[in-house]
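This report refers to the structure that appears directly beneath it.
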There are 2 protein chains.
Amino acid sequence: MSNETTTRRRRGSEQPTLRQVADAAGVSPITASRALNAPERVNERTRARVLTAVERLGYVPNLLAGSLASARSRFIAVIVPSLANTVFIEVIQGLQDTFEAQGYQILLGNTDYDTDREYQLIRTFLGWSCSALVTAGLRHSEACRALLANWDKPIMEVMELGEALDLNVGLDHTEAGRCMARHLLGRGHRHILFVGARMHGDYRAGMRYTGHREVLEQAGCDAPLLELDHYGSLDAGAEGLERALTHPGGISAIHFANDDLATGALLHAQRRGLSVPGDMAIAGFNGLPLGQHVTPRLTTIRSPRQHMGQLAAEQVIRRLESKRVPRRQHDVGFELLIGEST
Amino acid sequence: MSNETTTRRRRGSEQPTLRQVADAAGVSPITASRALNAPERVNERTRARVLTAVERLGYVPNLLAGSLASARSRFIAVIVPSLANTVFIEVIQGLQDTFEAQGYQILLGNTDYDTDREYQLIRTFLGWSCSALVTAGLRHSEACRALLANWDKPIMEVMELGEALDLNVGLDHTEAGRCMARHLLGRGHRHILFVGARMHGDYRAGMRYTGHREVLEQAGCDAPLLELDHYGSLDAGAEGLERALTHPGGISAIHFANDDLATGALLHAQRRGLSVPGDMAIAGFNGLPLGQHVTPRLTTIRSPRQHMGQLAAEQVIRRLESKRVPRRQHDVGFELLIGEST
DNA sequence: CGCTATCATGTTAGCGCTACCATCGTTGTA
DNA sequence: TACAACGATGGTAGCGCTAACATGATAGCG
């Protein structure tokens, strides 16, 4: 005797639903729902029955349905320009640790330094009813800003400080550039080359250069800039060193846009038998472990990347929990690490 | 004159819905849906009207609702044990590039080398009606296997080859261990130390050690193992070198479990004024760029990580598109890179 | 000209869950 | 003893979308 109804059959997995759990536990679906999502709102004994039924049936909640019904998912959209750069990975780690501990799931998007791609990603992510958005950087396309203007969930911009859409956690890259330039001047250098790679994408390197130039010009020095187009950073650093050696006017120190470039140069100097800082002083940015393991140790600026992710996540969570957290900026600062390379 | 109905009001965002788009375009919701998701099933003119309405209203599809209704999301669950290790990042990049190009969204989970955590993540991900699951590695808890046994979507296990649940793309780590051991024997070494770090989590290093030991024992040599517990890999490598220098019986070569350790040792040898390979030969695994920039260049084994991710994604996509792709293994192989460090 | 094939569109009924309101005891308080 | 307050549970109605089936118009054929 079949119990097939004559109603239209619908796709639908074989997975047990909350209704079946509820039936098995002898309660209504809504009580079963509460037993799982708001334990304090049901009697302890009832809850135990529901949990037993869940276990026995191997029930897995359909989060799509739950999110649709409640109009909020526990997704956090995280958008970074690249995964190839350790810096973003560390920020993501900080975000992930903190968000996952609170039951949020990260939706990771990668723009490849393309603001149109960012717009597309954000559109998709809005479609998933994300609870919040975290993006690396303050630069967005107009379309993107328009899209976000009508969005009422928290937006967190990390990495640099500035005119933010909502929440903002980062550090002052211009000041970091000034800081290193001052250090190099203090070491007696007057002919300092700034070397970056693909700075159109990595515009924060451009901000550091701005600070660098400002300080050098105030001191009456030139601030030549060399921009490379390499993909492998270590190779680019090596090339940067070569080009500096033949730079018209002579160069005594290189301020690299990051530690990868700087380390590439340092290792290349070793191969070539050049003395650092005797023949050429070398400085970087980021404070990666690698730079502290080479000889001489790299002078660099350490940014608290993982901490930046954590702090950003904490701020977002606070905002999600208690409606009104003031729009605020958090400067996580940086630290000059003086090695023997300058 | 208000047009508020007296029906119960429900939460619900202010976002326009497909129904409003359909009204604006003068069609039924299903036609609007088709215009967006199956353009070929709708008259070109009608479609243009719908797209105009979408544009004008700033409509963003609610993907939760769509996925719930169709019982399939375009999510791909990707589970890795750690983000701190470049190796996984590169695999993720390969996956992401390929999947995103096909309109899939990656849900990234990080187990921290904990199989219980993996189980929890997979449970959650199943709740999102993922289209497929990609996990790093073949080792899972029993609970996890039980959960996946009743799951009818593609499962892809990457990194190593072996007894897989479904699809499998990776390389033979035991053979890689043998390969390096043979190389070191060929260089005349008879006292070779294998150095790994936290190998309980990084069990693939254990597989390489197994191959390494097999070859050495066949050659009548001991195969001592040193396992370190450091977090910073470069530091651990330095310590590995120190410990090898005082190892009872004498050691002439170190086979490190990865390039980070090996490079740490190499840089430490430089600082300490030791000759490599004269005082100690050093070998690694992974083929990271870093190892090729130090002097002497590191002997290592290069694994095609990004390619592994791409290939895995392609296989999954094929399976998703045309129901029956045979359960198959793909060996992506590896390549011995001989530097001057051995 | 009647018949089927094809295309474009519409109607209906959910997908599985939770918000909202209602109900029914059981207490505590005046 | 009456009444508010509260705690536990349930009924109903959607969340916004799409699968499945239905319909009507047009084309193609002998």
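Naming: A, B, ... by sequence-line order, numbering from 1 per chain. Hydrogens, waters and symmetry mates play no part in the numbers below; they use all other heavy atoms, side chains included.
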Should [X] be listed as having a side-chain N or O under 4.0 Å from OP1 or OP2 of [N]?
X	N	result
B/Arg34	C/dC7	no
B/Asn37	D/dT18	yes
B/Ser33	D/dT18	yes
B/Ser28	C/dG10	yes
A/Thr31	D/dG10	yes
B/Arg72	D/dA19	yes

Can you check whether A/Phe75 and B/Phe75 have ring centres sitting under 6.0 Å from each other?
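Centroid separation for A/Phe75 and B/Phe75: below 6.0 Å.
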Report yes if the distance between the aromatic ring centroids of B/Trp151 and B/Phe125 is under 6.0 Å, otherwise no.
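Ring-ring flag for B/Trp151/B/Phe125: false, centres at least 6.0 Å apart.
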Separation of [N] [atom2] from [X] [atom1] (nearest whole Å):
X	N	atom1	atom2	value
B/Arg49	C/dT9	CZ	P	8 Å
B/Leu18	D/dT18	CG	P	6 Å
A/Leu36	C/dA19	CG	P	13 Å
B/Leu68	C/dA13	CG	P	18 Å
B/Glu44	C/dT9	CD	P	12 Å
B/Arg47	C/dC7	CZ	C1'	16 Å
A/Leu126	D/dG16	CG	P	15 Å
B/Arg41	D/dA20	CZ	P	11 Å

Should A/Arg117 and B/Glu100 count as an ion pair when the cut-off is N to O under 4.0 Å?
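Yes, charged N to carboxylate O under 4.0 Å.
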Mind checking B/Thr46 for me? I need base, sugar-phosphate or nothing, with any heavy atom below 4.0 Å counting as a touch.
sugar-phosphate
Under 3.5 Å side-chain donor-acceptor pair for B/Gln15 and B/Tyr59
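The answer is no; no qualifying pair exists.
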Taking the nucleotide of DNA chain D with the closest heavy atom to each, which residue, B/Pro29 or A/Pro29, is nearer the 5' end?
A/Pro29
Quick one: which of [options] gets closest to the side chain of [X]?
X	options	answer
A/Val27	C/dG16, D/dA8, D/dG10	D/dG10
A/Ile30	D/dG16, C/dA19, C/dG10	C/dA19
A/Asn62	D/dG11, C/dG16, D/dG16	C/dG16

Of B/Gly26 and A/Val60, the one whose closest DNA chain C nucleotide lies more 5':
B/Gly26
For the side chain of A/Arg47 and the backbone of A/Val42, is there at least one donor-acceptor N/O pair under 3.5 Å apart?
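No.
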